[in-house]
Amino acid sequence: MLRLNTGTWLLIFLLVSPTIFNISVCERDSRSAVKKRRMSEKVRKMFYHAYENYMTYAFPHDELKPLTKTFTDSLSELGNLKLEHLPQEYNGSALTLIESLSSLLIMGNNTEFEKAVLWLSENLTFDVDARINLFECNIRVLGGLVSAHILATDSTNRSVQGIYKNQLLILAEDLGQRFLPAFDTPTGLPYAWINLKYGVMENETTETSTSGCGSLILEMGALSRLTGDPRFESAALRALRKLWSMRSSLNLLGTTLDVASGEWIEYSSGIGAGVDSFYEYLIKAHILFGRDEFWRMFQSAYLAVQKYFRHGPWYHEADMRTGKATYWQLTSLQAFWPGLQVLVGDIAAANSSHREFFYVWEKFGVLPERYLLDHQMLHPTEKYYPLRPELAESTFYLYQATKDPWYIEVGKSIVDSLNLYTKVEGGFASIKDVTTMQLEDHQHSFFLAETCKYLYLLFDDSFLVDRNYIFTTEGHPLPVVSAWHERLPETYIPSNWTSVKPEKKTKRASAMSLQVCPATTLNSGQNGQQVESACHIPDTRGNHRCLTDDDCGVESTTCRRRSCSMAGYCGLWLFI
């Protein structure tokens, strides 16, 4: 028998290995595509199970009660923890249908979208005696209507042409006008509560949250751009500027405040409930409207968060005046933060926090509302999971930035958990206690607006091809268009967004919308300097040595996850 020495075997390996590697990569890509198609179909079925049960048992009321197959007119209850001043004659505003509009189009159901638009055009009215939470109604109803109007008038959408006469925009403008009396305060900060028919009620509470008065600029700004009426954007912008002026010397803001006096009520703050969307809307307003003022606010606020709230991969709460830690706790709403970090290109930090959130998800099967970090235990009373979307949202953003297949596995785990623990015959039910998986009779509208949408886009992002959208905090897409910019910035975001120059004019785009790894395919500026890749995560050690895969990063040129070899070096060893 012919004996081959080591050198010969090495030569044969080097000659054959490229073919083996190419076959392996092709097989890997094929398996990945099949898995994503299967998972996107699974999410589609989830959405329609929730949607069809709502339409059967709850429509035109606000939300579905899936266990009893009945309904709740919950628009007046959102944010109303004590259930005070509930209306007697209010019969719902088809809240879940409004929230489902953009999801229907993203999943390609133009027929159902058209039916929903026609029904809302003919039946929806806001002339109702109902006291509602301004923030919740803004992000859910106004945002849903404005987004759906933009999608309905998109030149690529043939479903409603000829029958759509801006009915959703007319409804949105009517709702926006009903919001305006809430801003009539000495500070310009809006009341948290307003009656849709009668305006601000006598003896209305003057307490509101940072999110409540600082997260209105996207929807109300878009409404002004679409209608030509500057009052909506002006009111939201005045409130935002006033709120920013109330920050501490550390660039931190509290959680609750008084709209009449402009004084803080709660000084402890974090990135969770009561504050979360304030940070989100600063950066997204900069992207959407191109105003440098928003970027300066966000940059200062973001650095303060990293300095005073961050502890490794976790974010605790701290006193806005001193920066000293107050509460060491994880809340489920914080899980949006890694997605926000993707928008600014802070991928390494986003990945680190996301993995911790997913660890808690795996520990309990879902993400509990509040988890005490200092005791590594559940909060004794807030053990529920109301079908929140934030972890799915961040998973979607991180996959778009890195194309790391690990995030597909995370999405699969989320989908499997939702189907295992929350799916019932009448829809999807919230979880009252994650330790027992006892269910609660409520299917929140954001389950269709966000949870299902982000999971679907994780597995099928065809809706985003050649388009740039900013998603509101309720998951409603708004297009990034130069016509909305006072001055088109050089780059929307320093590291994640790219500037592509064709022969005649500058075209702005993002790595997320182009579906590419920007470091190898895009050039910026006259000198052809390469743009920093949005997916790049450096290895932990400069010499690329490692003990585990966690010490390795993501390749900037391929957007592939590196792993630790048996010899202790980071590299692309997965297919060797």
Side-chain angles (χ1 to χ4, degrees), residues 209-211 213-215 217-218 240-255 257 264 266-331 333-354 356-357 373 390 394 397-398 401 470 473 489-497 510 532-534 536-538:
S209 68
T210 299
S211 289
C213 57
S215 309
I217 189 64
L218 291 188
L240 182 58
R241 285 171 172 164
K242 174 60 179 177
L243 186 64
W244 183 243
S245 73
M246 294 167 58
R247 71 193 185 280
S248 72
S249 60
L250 306 180
N251 287 327
L252 297 176
L253 295 92
T255 307
L257 58 143
W264 289 105
E266 174 56 64
Y267 293 100
S268 180
S269 185
I271 60 169
V275 191
D276 50 355
S277 54
F278 165 75
Y279 296 106
E280 180 183 2
Y281 272 36
L282 286 180
I283 183 60
K284 290 184 176 180
H286 171 63
I287 298 169
L288 197 63
F289 302 124
R291 194 189 288 261
D292 290 338
E293 176 185 11
F294 296 134
W295 170 252
R296 289 193 296 270
M297 290 181 188
F298 174 79
Q299 188 176 37
S300 299
Y302 184 77
L303 292 175
V305 166
Q306 298 304 308
K307 183 175 182 179
Y308 296 107
F309 296 161
R310 185 177 178 183
H311 183 79
W314 302 103
Y315 289 83
H316 58 76
E317 296 181 22
D319 189 302
M320 63 173 283
R321 300 164 295 185
T322 64
K324 292 184 178 179
T326 52
Y327 301 106
W328 291 80
Q329 57 187 5
L330 172 150
T331 63
L333 288 172
Q334 292 177 354
F336 89 99
W337 190 256
L340 177 145
Q341 292 182 304
V342 169
L343 286 178
V344 292
D346 200 349
I347 307 298
N351 176 68
S352 175
S353 293
H354 177 274
E356 298 298 338
F357 282 111
L373 297 175
E390 283 76 18
S394 287
Y397 277 111
L398 275 161
I470 281 297
T473 195
E490 284 303 309
T491 53
Y492 292 136
I493 309 176
S495 58
N496 187 37
W497 288 61
S510 72
E532 172 68 19
S533 171
H536 181 219
I537 301 178

For this session: Find the distance between OG (S353) and CG (L330) and round it off to the nearest 0.5 Å.
Result: 9.5 Å
Exercise. Less than 4.5 Å apart, any side-chain heavy atom of L240 and any of F278?
Worked result: yes
Seminar exercise, completed: Between the OG atom in S352 and the CZ atom in F357, the distance rounded to the nearest 0.5 Å is 10.5 Å
Exercise. Going by heavy atoms in the side chains, are L253 and M246 under 4.5 Å from each other?
Worked result: no
Exercise. Parallel under 30°, tilted from 30 to 60°, perpendicular over 60°: which one fits the rings of F289 and F294?
Worked result: tilted
Exercise. Is the centre of the W295 ring less than 6.0 Å from the centre of the Y302 ring?
Worked result: no
Exercise. What is the minimum heavy-atom distance between E317 and G270, and which atoms define it?
Worked result: CG-CA, 4.1 Å
Exercise. Would you say L343 and F298 make side-chain contact, with heavy atoms under 4.5 Å?
Worked result: no
For this session: Please tell me if the side chains of M297 and R291 come closer than 4.5 Å, counting only heavy atoms from C-beta onward.
Result: no
Problem set entry | Side-chain donor or acceptor of R241 paired with backbone N/O of L243 under 3.5 Å | no
Exercise. Could you give the distance from OH (Y281) to CD1 (I217), rounded to the nearest 0.5 Å?
Worked result: 10.5 Å
For this session: Looking only at non-hydrogen atoms, find the nearest pair between S268 and T326 and report the distance.
Result: OG-OG1, 2.7 Å
Exercise. So, T255 side chain and G274 main chain: donor-acceptor pair closer than 3.5 Å or not?
Worked result: no
Problem set entry | Closest non-hydrogen atom pair, A273 against T331 | N-OG1, 4.3 Å
Seminar exercise, completed: Closest heavy-atom pair, E390 versus L333, reported as atoms and distance to 0.1 Å, is OE2-CD2, 3.4 Å
Exercise. Between atom CG of L252 and atom OH of Y267, what is the distance when rounded to the nearest 0.5 Å?
Worked result: 13.5 Å
Problem set entry | Any S269 side-chain heavy atom under 4.5 Å of T210 side chain | no
For this session: With V305 as reference, evaluate I271, N251, V275 under the side chain to side chain contact (heavy atoms under 4.5 Å, CB included) test and give the passing residue.
Result: I271
Exercise. Taking atom types as modelled and ignoring hydrogens, do the side chains of S277 and T473 form a donor-acceptor contact shorter than 3.5 angstrom?
Worked result: no
Problem set entry | Verdict with reasoning, Q341 to Q306, per side-chain contact (heavy atoms from CB on, under 4.5 Å) | CA-CA 11 Å; Q341 292 182 304; Q306 298 304 308; 3.7 Å; yes
Exercise. Looking at H286 and D292, what are the two nearest heavy atoms and their distance?
Worked result: CE1-OD1, 3.9 Å
Exercise. In Å and rounded to the nearest 0.5 Å, what is the CH2 to CE distance from W264 to M320?
Worked result: 5.5 Å
Problem set entry | L257/C213 under side-chain contact (heavy atoms from CB on, under 4.5 Å): CA gap, chis, key distance, verdict | CA-CA 10 Å; L257 58 143; C213 57; 4.2 Å; yes
Problem set entry | Smallest separation among heavy atoms of H354 and P338, with atom names | N-CG, 3.9 Å
For this session: Could you label the plane-to-plane angle of the H311 and W328 rings as parallel, tilted or perpendicular, counting under 30° as parallel and over 60° as perpendicular?
Result: perpendicular
Problem set entry | Side-chain heavy atoms of W244 within contact of S300, under 4.5 Å | yes
For this session: Find the distance between CG (L282) and CG (L218) and round it off to the nearest 0.5 Å.
Result: 9.5 Å
Exercise. How would you list, by chain and number, every residue that makes a side chain to side chain donor-acceptor pair (under 3.5 Å) with T322, sequence neighbours excluded?
Worked result: none
